[in-house]
Amino acid sequence: MTTTDRTAPRTGLLTVDGATLHHEVRGEGPLLVMMPGGSADAGIYDAIAADLADRWTVATFDPRGYSRSPLDGPVTEQLPATHADDIVRLIEVLSPDGSPAALFGSSSSAVVALDVLARHPGRVSRVVAHEPPVVGLLPDPEAGRALFAAVRESFRRDGVAAAMTTMAEGLAPAWGEDRADPEPTAFEAEAEAEAEPTARDPESIAPEPEAMAPEPERAAPEPAAPASSPQEKSQETPPAQAEVFRRMHANLPVFLEHVLCSFSGYAPDLAALKDSSAHLVVGVGRDSRTLLPALAAEALARRVDARVAEFPGGHIGLTEDPRAFAARLRDVLLAPRPVERRKAPGRSGEPPRTGA
């Protein structure tokens with residue numbers, strides 16, 4: 001398979017209970033499912049998926065009710081378990097021989113990854129959950145729940161921009177708590193998260209998800225007009241990326257009204273996750289260690305004896321430097337797995353894993 005063949009997405013539609021999922025597949029090898037968080041869709045992973053397609057069959061998708069994955073009926077409150085069932089169905093279709101898949105989720109989709117591991121441990125070989133905002137594990141869970149409820153109320157009262165401002169103000173580094181020790185990073189990030197796009201590889205630039213990010217919502221950019229200088233040309237947003245921005249912006253009302261509170265309020269099955277902790281890596285951003293999602297994630301890691309791995313950037317590090325993020329994810333996915341905990345008989349009812 002040539003590099004072009006490997007990185008070009010193969011698209012498909014999958015019928016699931018109550019929705020049709022748009023999905024994209026690149027590369028060959030063991031299956032890796034990358035789940036978009038917040039208001040993002042498959043497009044958020046374009047750069048990362050292309051980098052990892054040399055080692056994995058990388059599947060990305062639009063979550064139900066977003067972008068190109070329509071619901072069969074009106075949108076209602078979304079539940080992590082429903083989205084987890086979608087992932088299991090996608091794995092069944094893309095891995096018909098029953099081999100388990102690796103999962104990566106960030107923010108709200110990291111919550112879905114936890115639910116897949118807890119209820120369907122035989123379907124996954126490794127789960128990397130990057131900053132799942134499980135507020136119930138914070139020292140003051142009611143404050144976390146109140147924050148996200150206030151974000152939703154701001155959206156209902158004043159719209160998307162007001163909601164994102166409320167989110168940015170609430171995700172302040174005032175949740176301090178002792179933190180778990182991360183695995184050593186494999187390398188230093190290639191650029192700081194605040195670097196200007198022109199200082200980075202233009203091919204690595206991806207749009208930022210607009211959910212659970214410590215900055216206000218921004219309008220989706222339109223494709224730039226022809227530039228009159230090389231510097232201006234380097235700052236243009238390619239049409240494909242502008243389209244991703246538009247889709248993500250259109251998804252924000254669904255996220256803010258129907259996803260944010262139910263996903264952040266998810267109560268993970270700590271006993272089941274502890275049983276499968278050898279297959280779980282909890283990711284935290286190097287630049288977001290004092291923010292609510294990272295603190296909740298590290299609290300989870302302590303409760304279930306999971307490893308903690310530090311990733312470049314912050315909560316949305318996968319968009320700040322996709323190439324550095326992909327390299328770190330590669331290291332985490334390929335790292336030796338610790339000895340698996342002995343499970344109580346009959347807990348999961350699923351066959352043992354056969355993949356690495």
To the closest 0.5 Å, what do you measure between [atom1] ([X]) and [atom2] ([Y])?
X      : Y      : atom1 : atom2 : answer
Ser288 : Leu295 : OG    : CG    : 9.0 Å
Asp287 : Glu310 : CG    : CD    : 8.0 Å
Leu103 : Leu117 : CG    : CG    : 8.0 Å
Met35  : Thr60  : CE    : OG1   : 12.0 Å
Ile48  : Thr319 : CD1   : OG1   : 8.5 Å
Thr166 : Met164 : OG1   : CE    : 9.5 Å

Exercise: identify the closest heavy-atom pair between [X] and [Y]:
X      : Y      : answer
Val244 : Ile44  : CG1-N, 4.4 Å
Ser276 : Pro121 : OG-CB, 3.7 Å
Leu114 : Leu273 : O-CD2, 3.5 Å
Leu147 : Gly170 : CD1-CA, 3.5 Å
Pro336 : Arg307 : O-NH1, 3.7 Å
Leu137 : Pro268 : CD1-CG, 4.2 Å

So, the side chain of [X] versus the backbone of [Y]: is there a donor-acceptor pair under 3.5 Å, distance only?
X      : Y      : value
Arg55  : Gly29  : no
Thr20  : Pro70  : no
Ser69  : His22  : yes
Arg286 : Gly317 : no
Ser264 : Leu260 : yes
Gln78  : His83  : no

Practice task
Check step by step if salt bridge (Lys or Arg N to Asp or Glu O under 4.0 Å) holds for Arg330 and Asp54.
Solution key: CA-CA 11 Å; Arg330 181 187 298 271; Asp54 66 327; 2.9 Å; yes
* To do: Please test Val332 against Phe311 for side-chain contact (heavy atoms from CB on, under 4.5 Å), starting from the C-alpha separation and ending with a verdict.
  => CA-CA 10 Å; Val332 171; Phe311 280 77; 4.0 Å; yes
Quiz prompt | Results of ring pair (Phe, Tyr, Trp, His ring centres under 6.0 Å) for Phe104 - residues two or more places apart only | solution =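 With sequence neighbours excluded, Phe104 shows a ring pair (Phe, Tyr, Trp, His ring centres under 6.0 Å) to Phe325, given in chain and number order.
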Side chain to side chain donor-acceptor pair (under 3.5 Å) pairs touching residues 250-259, sequence neighbours excluded, are Ser67-Asn251, Arg156-Glu257
Applying the 4.5 Å side-chain criterion to the ILVMFWY set and letting contacts propagate, would Leu79 and Leu21 be lumped into a single cluster?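 Shared cluster, no.
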Within a strict 4.5 Å, meaning less than it, do heavy atoms of the [X] and [Y] side chains meet?
X      : Y      : result
Tyr66  : Met248 : no
Ile87  : Val124 : no
Ser39  : Val254 : no
Val282 : Glu298 : no
His315 : Ser107 : yes
Asp17  : Asp85  : no
Asp41  : Glu24  : no
Val127 : Val116 : no

**Asked** So does Arg68 have more than 12 non-hydrogen atoms from other groups sitting under 6.0 Å from CZ?
**Response**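 Enclosed.
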Qualifying salt bridge (charged side-chain N to carboxylate O under 4.0 Å, His left out) pairs with a residue from residues 92-103, counting only residues at least two apart or across chains |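 Pairs touching residues 92-103 that pass the test: Arg89-Glu92, Glu92-Arg123.
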_Salt bridge present between Arg64 and Asp72 (N-O < 4.0 angstrom)_ = no
Point to revise | Phe155 and Leu252: CA distance, side-chain angles, deciding distance, side-chain contact (heavy atoms from CB on, under 4.5 Å) verdict | key: CA-CA 10 Å; Phe155 166 68; Leu252 273 167; over 6 Å; no
Requested in this report: Would you please test Thr57 and Leu94 for side-chain contact (heavy atoms from CB on, under 4.5 Å) and show each step?
Outcome: CA-CA 9 Å; Thr57 297; Leu94 298 180; over 6 Å; no
>> The test is salt bridge (Lys or Arg N to Asp or Glu O under 4.0 Å); show your working for Arg26 and Asp51 and say whether it passes.
In response: CA-CA 10 Å; Arg26 296 171 173 85; Asp51 275 7; over 6 Å; no
